[in-house]
There are 2 protein chains.
Amino acid sequence: MNYTEAKEKFISTWGALGTLWGINKAMAQIHALLWISPEPLSMEDIMEELHISRGNTSMNLRQLMDWGIVFKESKPGERKEYFASEKDVQELARQVAKERSRREIKPVIKVLREVSGIEGDGTKKTEELIKQTKALYELADNADTMMNKIVNQESNWITKTLMKLIK
Amino acid sequence: MNYTEAKEKFISTWGALGTLWGINKAMAQIHALLWISPEPLSMEDIMEELHISRGNTSMNLRQLMDWGIVFKESKPGERKEYFASEKDVQELARQVAKERSRREIKPVIKVLREVSGIEGDGTKKTEELIKQTKALYELADNADTMMNKIVNQESNWITKTLMKLIK
DNA sequence: TTAAACTTTCAGTAATTTTTGAAACTTTAA
DNA sequence: TTAAAGTTTCAAAAATTACTGAAAGTTTAA
């Protein structure tokens, strides 16, 4: 496998994984491209490399910036803007975990708390609803707490500590 | 919030979360419905409750069974088949983690190993590709190993051990 | 066997999500 | 200022994904 084949395989695999996890393909592929690029890239560069339109590129770059894993860079003396990826894998993981927690997990936890907190009326179906949503609430809340602890440690705490524990 | 409101809120929230994580809404909602149902439900019950077609119900029940989190039950003396959810939250988490690892993470790890294993040619871009995909490979491989260890422990190892460690 | 009860499959349709491309907007250098 | 260089927005089109419903398939009881 040569450079070009490897690059294409990586970009398309990353795009496919994204899709499976609810992230759109273009967004994941732009990230993949920037992740392996030694230099920041312009919008033109990205459009050309991935064969996607200007609008698509712009919208997805904005999302990647909202996620905090891609940054705008301006080269001195140039009008054009360049885009660069966060390059540290631990920081990438932390950022993704943090954002998914904030946007997706926390709101669900809130609903689970509300739902599992309704008053029992003695019927079997109500008892089951309370019991089962409470269990889910506790799981989600523990997992989220854990994730946030991990995410707020220095970068490779997770690898160092957990691997020792588990191996 | 009364029983019906709580049930509907739970089902729709669970469906929305599924969507965000690449699981289709009907599948997530069927799971939610069975999760809180004190008794196994028939296909008719599910169709009626969620207002979805027979075909849709059948296909998504099959998928839930493939994931190992819903089971077919036949009541003695009845022709109809009934469906019941795995009820233990720890077992649910283990099963989901196990399947996502097998279907989605493992194949990506394989690609990352291949891609990061190409021979360097001294160019900057090739070095960067190798370095960055290797970092991702190591992260994914560690995370996956960890997940599988957790998943293969007795059910609440994760809660017991990790929470102690982290709190 | 057969026919009733029930489930699965799948081609066509519907709904949703993504992408495009051109117009509107913004910034900067002269 | 102004116009060139660049970016963003968004309505419409394309692509993808999910859903329906009816036909085909399966199972069971008589």
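In this text the structure is predicted, and so the values were computed from the model without any measurement.
For DNA chain D, the residues of residues 15-32 of chain B within the heavy-atom distance limit of 4.0 Å (strictly under) are B:Asn24, B:Ala26, sorted by number.
Residue B:Leu61 contributes atom CG, which lies 8 Å from atom P of C:dT8 at whole-angstrom precision. Taking atom CG on B:Asp66 and atom C1' on C:dT8, their separation rounds to 13 Å, with Å as the unit. Between B:Ile46 atom CD1 and D:dC19 atom C1' there is a gap of 16 Å when expressed in whole angstrom units. When rounded to the nearest whole Å, the span between NZ of B:Lys75 and C1' of C:dA5 equals 17 Å. C:dC6 atom P lies 13 Å from atom CE of B:Met47, rounded to whole Å. Rounded to an integer number of Å, the gap from CD1 of A:Ile52 to P of D:dA14 is 19 Å.
To the nearest 0.5 Å, atom CG of residue A:Asn24 and atom OG1 of residue A:Thr19 are 7.5 Å apart. The CD atom of B:Glu73 lies 11.0 Å from the OH atom of B:Tyr82; values are rounded to the nearest 0.5 Å.
At least one side-chain heavy atom of B:Met1 sits under 4.5 Å from a side-chain heavy atom of A:Glu114. Put simply, the side chain of A:Glu86 reaches to within 4.5 Å of the side chain of A:Phe71, judged on heavy atoms.
A residue-by-residue look at A:Gly77 and A:Thr57 shows that A:Thr57 has its nearest nucleotide of DNA chain C further toward the 5' end.
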Counting primed atoms, P, OP1 and OP2 as sugar-phosphate and everything else as base, the B/S/- map of nucleotides 6-11 of chain D against protein heavy atoms under 4.0 Å is SBBBB-

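We find that A:Lys134 and A:Glu138 are not joined by a salt bridge, their nearest charged nitrogen and carboxylate oxygen being 4.0 Å or further apart.
Counting non-hydrogen atoms of other residues, nucleotides and ligands closer than 6.0 Å to CZ of B:Arg62 gives a total of 12 or fewer. Other residues, nucleotides and ligands contribute only 12 or fewer heavy atoms inside 6.0 Å of the CD atom of A:Glu48.
A search for side chain to side chain contact (heavy atoms under 4.5 Å, CB included) contacts involving B:Ser37 returns B:Leu41, not counting sequence neighbours.
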